[in-house]
Amino acid sequence: LGLCPLPDSSDSELELSTVRHQPEGLDQLQAQTKFTKKELQSLYRGFKNECPTGLVDEDTFKLIYSQFFPQGDATTYAHFLFNAFDADGNGAIRFEDFVVGLSILLRGTVHEKLKWAFNLYDINKDGYITKEEMLAIMKSIYDMMGRHTYPVLREDAPLEHVERFFQKMDRNQDGVVTIDEFLETCQKVGGIRSRGHPGSCPCRPEPLPTSRLHVATLV
């Protein structure tokens, strides 16, 4: 991936701008997100501590994420989540990718959060959610939850979830869900809960554990 090490200078405002693969400085990141300078500095220290190269590749992301779900297999869901954070699709999450996505999940508007969720479910990024894509996401979530949940989950539970999702979302019955259908339905059936996750919407991302990256407020 051509990872380059971070400089060994002190954690100062200037440190962000000295990372070679990260042109944005602290002021620019503050303008792009809803974090304060102090919050960004704290997030950066945590990010650098966990990811000294300055980049998170998919294997590292899966390793960190899987530790929060020892009862199941989080590998596939972590793959989908990684792709949602990897905004430019280069196979690595930079600090700015991380904080921009995190800002949306924590402090974004209803519209912003739902657009982020749609991007997660639209696996091939063609602007539509298909039943196959939704089933892949739901199976990965059930795999992550593990086989020892209570009450015990039936084998056909993911497919049932997908069918309910499409009954609510696919307004014109064409077999795919567009961003407009997704946004309109989610906002009508409950929108975003007070904690900031899509609430009664029939399909929402699982809470993202990021405490190892010093963002424990999300879980």
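Bear in mind the structure is a predicted one, so any value in this text is a computation, not a measurement. Along the sequence shown, residues carry numbers from 1. What's counted below: heavy atoms across the whole structure, side chains too, no hydrogens, waters or symmetry copies.
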Do Leu29 and Phe95 make a side-chain contact, defined as non-hydrogen atoms from C-beta onward lying under 4.5 Å apart?
yes
For the pair Glu133 (side chain) and Asn124 (backbone), establish whether a donor and an acceptor sit closer than 3.5 Å, ignoring hydrogens and angles.
yes
Spell out, as yes or no, whether a donor-acceptor pair under 3.5 Å connects the side chain of Asp59 to the backbone of Leu63.
no
Is there side-chain contact between Arg107 and Phe35, with heavy atoms separated by less than 4.5 Å?
yes
Within the 4.5 Å heavy-atom criterion, are Glu184 and Met169 side-chain neighbours or not?
no
What pair of heavy atoms forms the shortest contact from Trp116 to Leu105, and how long is it?
CE3-CD2, 3.7 Å
How close do Asp122 and Gly127 get, counting heavy atoms only, and between which atoms?
OD2-N, 2.8 Å
Taking the side chain as everything from C-beta on, heavy atoms only, tell me whether Phe118 gets closer than 4.5 Å to Leu183.
no
Might you confirm whether atom NZ of Lys62 has over 12 heavy atoms from other residues, nucleotides or ligands at distances under 6.0 Å?
yes
Among the clusters formed by ILVMFWY side chains lying less than 4.5 Å apart, do Ile141 and Met134 turn up in the same one?
yes
Using a distance-only test with no angle check, is there a side-chain donor-acceptor pair under 3.5 angstrom linking Asp143 and Ser140?
no
The reported gap from CZ in Phe182 to CD in Gln187 (rounded to nearest 0.5 angstrom) is 10.0 Å
At their closest point, which heavy atom of Ala78 faces which heavy atom of Phe61, and how far apart are they?
O-CE2, 3.4 Å
Are side-chain N/O atoms of Asp180 and Thr178 paired as donor and acceptor at under 3.5 Å?
no
Is it true that, when you exclude Lys38 itself, more than 12 heavy atoms of the residues, nucleotides or ligands shown sit nearer than 6.0 Å to its NZ?
no
Lys37 vs Asp27, side-chain contact (heavy atoms from CB on, under 4.5 Å): CA-CA, chis, key distance, verdict:
CA-CA 8 Å; Lys37 286 187 178 182; Asp27 289 335; 2.9 Å; yes
With sequence neighbours excluded, residues passing salt bridge (charged side-chain N to carboxylate O under 4.0 Å, His left out) with Asp156
Arg154
Is a side-chain donor or acceptor of Asp170 paired with a backbone partner of Asp174 at a separation under 3.5 angstrom?
yes
Could you report the tightest heavy-atom contact between Ile123 and Phe80, atom names first, then the distance?
CD1-CE2, 3.6 Å
With hydrophobic residues grouped by side-chain heavy-atom distances under 4.5 Å, do Ile129 and Val176 end up in a single group?
no
In the structure I gave you, are the side-chain heavy atoms of Lys115 and Ile104 within less than 4.5 Å of one another anywhere?
no
Just wondering, do Val99 and Tyr44 contact through their side chains at under 4.5 Å, heavy atoms?
no
Which residues satisfy the salt bridge (charged side-chain N to carboxylate O under 4.0 Å, His left out) test with Lys34, sequence neighbours excluded?
Glu112
Compare every heavy atom of Cys51 with every heavy atom of Val56, then report the nearest pair and how far apart it is.
CG2-SG, 3.1 Å
Sequence neighbours excluded, the answer for ring pair (Phe, Tyr, Trp, His ring centres under 6.0 Å) partners of Tyr128 is none
Compare every heavy atom of Asp97 with every heavy atom of Ala87, then report the nearest pair and how far apart it is.
CB-OD1, 4.0 Å
